[in-house]
There are 2 protein chains.
Amino acid sequence: MKTRDKILLSSLELFNERGERNITTNHIAAHLAISPGNLYYHFRNKSDIIYEIFQAYEKLVDYYLEIPENRPMTLDDLAFYLESVFDGLWSYRFFHRDLEYLLDSDLRLRRDYREFTNRCLAAIDRIFGKLAEAGIVQAQPDDLRSAMSLNVWLVITNWMAFLKTAHASEEPSGLSLGELKQGIYQVLTLEVPYVTPEYRDRVLALREKYRPTLPETGVVDG
Amino acid sequence: MKTRDKILLSSLELFNERGERNITTNHIAAHLAISPGNLYYHFRNKSDIIYEIFQAYEKLVDYYLEIPENRPMTLDDLAFYLESVFDGLWSYRFFHRDLEYLLDSDLRLRRDYREFTNRCLAAIDRIFGKLAEAGIVQAQPDDLRSAMSLNVWLVITNWMAFLKTAHASEEPSGLSLGELKQGIYQVLTLEVPYVTPEYRDRVLALREKYRPTLPETGVVDG
DNA sequence: GTATTATTAGAGTATATACTCTAGGCAGTC
DNA sequence: GACTGCCTAGAGTATATACTCTAATAATAC
C-alpha cells in the first residue's frame, strides 16, 4: 500500500480510537514508523488529512443513501439504510465527536459538511416519502415530514455521543458496533406512531431486533 | 465581585464564544487583566474551572426540571420546561460542544455527567407521565415512553450542533438564543403524534411559535 | 549509466500551553 | 508598626505540537 494511503488509514484508526484532539501528526508518523517529514511530504497539514477522510466518509454515505426510483420501497430497504448509515457512523466515528472544532478550523469542510447534511436530510425525507407511497407509513404534510426527518438526523448523529456518556464509568472506548446499532431502535421509535396498521407488527419486530439490553441506556427512575 | 467568581464568569463567557479548546488559561487571565499566577492561585487547573462551571449548569437544570407532584401538569408547564432547558443550554453552550473530550479528561465530570443525564432522562420521562395523567398526551407503554424520552434528550442536546453546522457558511458564532429555541419546534414535533385530540390545536399552536423561519433549517430537495 | 523525479529520514524550529515559583502588596489585628 | 493571612504580579519552565529544511536514497526515464 502507498504511504499516502497508509497515512489516511492510520489517521482514521487513531482518530477513531483516541479522538482527533488527542492525535498529533507526530503520533500518526510514529504509528506508521515513518518520519514527520515523510508525512508532510504527502500532506500539507493535518486539516488536509482530515478533509480527505471526510470526503471518503461523504462518498460512502452518499453511496449508501442512493434511493431506488424505479420500484416501491420495502421494509428491507429501510433496514438496509439504517444498518448502512450506522456502519458509516462507526467507521468514521471520530468525525462527529469533534465536529464543531473541525468545521471551525477548515472552511472547505464547513461548506462541504453543510451540503452533506442537506443531502442526508433530503435522503431521509425521500425515504419517508417512499415509505408512505409503499403504504408502510402514513403520508404526512410536508412540513411535518421534514421536521421528522430532521429529528431522525439529530438522533442518528447524537446517538454515539450519548452512548459514550452512558458508558462513561467504564474504561474508555468500550464501545462496539453492536451497541451503536441500538441507535436503530431509537430511530424506529420515531417512526412507530406513523406506521400503518398493516405494517405495524413487522416494523415493531424489526425495531425489537435492536432493543438495548444494557441497563445503561434505560431510564433510571429517581 | 471576587476574583474567583470573575474567573468562572469569564471562562464561561469565553468558552461559550470561542469553544473550550480555543481558550487557554492564559487567555482567561489576559481577558480579566490578571496574572496567570493569580488564576492558578484560585484554581488548581483548567479542569477544575470547567468542573465548577458544570456544577452550576447541573444545578440550574435540576432546578428548572423540578416537577410539581401536588397538581396536574399543564401545557404552560411544558412550555416552561422547554424554554428553561433551552435557556440553560444556551448559557452553558460550550459544554456540549466539547463534551466527549471533557469527559475523557476528567473522571469526576464523567461520573457526574452520567448521573446528570440519568436525572434529565428521568425528568423527561416523568413529564411525559404527567402529561398523560393530565390528558394532554395519550399514555404509552413504559418502554415506548422511555425510548421517546431518550429521543427528546438526543434532539435537545444535538440541536445546537446542528444549528452551528447549518449556519456554517456565515461568520462563526452567528447564533442567537432565538434560533436555538427553534429546537422546541423539533421537540414538540416528537410529541405531536401522541397528543390527545382535545389538546391537539393548543399543542400545535405552541409548536408554531417556534417554527424556524430561516431557509437553512429546512430540507433542501435534491 | 546518467539525469530526473519521487520518496524518505531525521534533526530542528517557532509557537503555544498548562502550570510553577518567588516576591511582594494590602487589610486587619494586637 | 510588626505580624498574619489572603491575594496578586510576572517572569519563567517543561512539554507538546504543527510543521520545515536539508540531505540522502530509491525509482524511473532516456
Side-chain angles (χ1 to χ4, degrees), chain A residues 1-54 94-95 97-98 100-110 172, chain B residues 1-54 94-95 97-98 100-110 172:
Chain A
M1 192 188 299
K2 295 252 183 197
T3 302
R4 195 188 148 81
D5 295 325
K6 282 198 260 180
I7 292 170
L8 288 171
L9 225 66
S10 277
S11 300
L12 177 58
E13 185 189 332
L14 293 172
F15 289 161
N16 277 340
E17 271 170 18
R18 302 184 38 209
E20 176 270 339
R21 187 171 179 174
N22 298 317
I23 296 297
T24 71
T25 49
N26 293 347
H27 285 135
I28 299 165
H31 183 80
L32 285 167
I34 65 171
S35 63
N38 195 356
L39 186 145
Y40 279 93
Y41 171 78
H42 291 285
F43 293 93
R44 266 188 26 244
N45 50 43
K46 197 181 174 189
S47 271
D48 275 10
I49 298 177
I50 293 166
Y51 184 60
E52 206 145 314
I53 293 177
F54 165 71
F94 86 94
F95 191 72
R97 174 180 164 153
D98 284 305
E100 290 197 46
Y101 175 82
L102 296 177
L103 298 191
D104 268 1
S105 11
D106 190 334
L107 179 67
R108 299 165 300 178
L109 200 57
R110 194 146 78 237
Chain B
M1 191 190 295
K2 296 251 185 198
T3 300
R4 196 188 148 80
D5 295 324
K6 281 198 261 182
I7 292 170
L8 289 171
L9 224 66
S10 277
S11 299
L12 177 57
E13 184 190 332
L14 292 172
F15 289 161
N16 277 340
E17 272 170 17
R18 302 183 38 206
E20 177 271 338
R21 187 170 178 174
N22 297 316
I23 295 297
T24 71
T25 49
N26 292 348
H27 285 135
I28 299 165
H31 183 79
L32 285 168
I34 65 171
S35 63
N38 194 354
L39 186 146
Y40 278 92
Y41 170 77
H42 291 285
F43 293 93
R44 265 185 29 241
N45 51 41
K46 197 181 173 188
S47 272
D48 275 10
I49 299 177
I50 293 165
Y51 185 60
E52 206 145 314
I53 293 176
F54 165 70
F94 86 94
F95 190 72
R97 174 180 164 153
D98 284 305
E100 290 195 47
Y101 175 82
L102 296 177
L103 299 190
D104 268 0
S105 12
D106 189 335
L107 180 67
R108 299 165 299 178
L109 201 57
R110 195 147 74 236

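The analysis underlying the following values was restricted to heavy atoms, covering all of them including side chains, and did not include hydrogens, waters or symmetry mates.
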Quickly work out the [X] [atom1] to [N] [atom2] distance and round it to whole Å.
X: B:D5; N: D:dC7; atom1: CG; atom2: P; value: 11 Å
X: B:M1; N: D:dC7; atom1: CE; atom2: P; value: 16 Å
X: B:F43; N: D:dC7; atom1: CZ; atom2: C1'; value: 14 Å
X: A:Y41; N: C:dT5; atom1: OH; atom2: P; value: 12 Å

Residue among B:L32, B:I49, B:T3 satisfying side chain to side chain contact (heavy atoms under 4.5 Å, CB included) with B:L39: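 Result for side chain to side chain contact (heavy atoms under 4.5 Å, CB included) with B:L39: B:I49.
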
At less than 4.0 Å, is any side-chain N or O atom of [X] found next to OP1 or OP2 of [N]? Yes or no.
X: A:S35; N: C:dA9; value: yes
X: A:H42; N: C:dA6; value: no
X: A:T3; N: C:dT7; value: no

List the steps, then state whether side chain to side chain contact (heavy atoms under 4.5 Å, CB included) holds for A:H31 with A:E13. CA-CA 10 Å; A:H31 183 80; A:E13 185 189 332; 4.0 Å; yes

Determine the contact category for B:I34: base if any of its heavy atoms lies under 4.0 Å from a base atom, sugar-phosphate if only primed atoms, P, OP1 or OP2 are that close, otherwise nothing.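 The residue B:I34 makes sugar-phosphate contact but no base contact.
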
Which is true for A:A29 with a 4.0 Å heavy-atom rule: it touches a base, it touches only sugar-phosphate, or it touches nothing?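 Nothing, no heavy atom under 4.0 Å.
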
Apply side chain to side chain contact (heavy atoms under 4.5 Å, CB included) to B:I50 and B:L109, showing your working. CA-CA 9 Å; B:I50 293 165; B:L109 201 57; 4.3 Å; yes

For nucleotides 15-28 of chain C, 5' to 3', base contacts (B), sugar-phosphate-only contacts (S) and non-contacts (-) with protein non-hydrogen atoms under 4.0 Å give --SBBBB-------

Could you check whether any side-chain heavy atom of B:F54 comes within less than 4.5 Å of a side-chain heavy atom of B:L102, counting everything from C-beta outward?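 They are not in contact (no side-chain heavy atoms under 4.5 Å apart), so the answer is no.
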
Answer yes when A:D48 and A:R108 have at least one side-chain N-carboxylate O distance shorter than 4.0 Å, and no when they do not.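 Looking at A:D48 and A:R108, the cut-off is met.
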
Side chain to side chain contact (heavy atoms under 4.5 Å, CB included) evaluation trace for A:T25 with A:F43: CA-CA 10 Å; A:T25 49; A:F43 293 93; over 6 Å; no

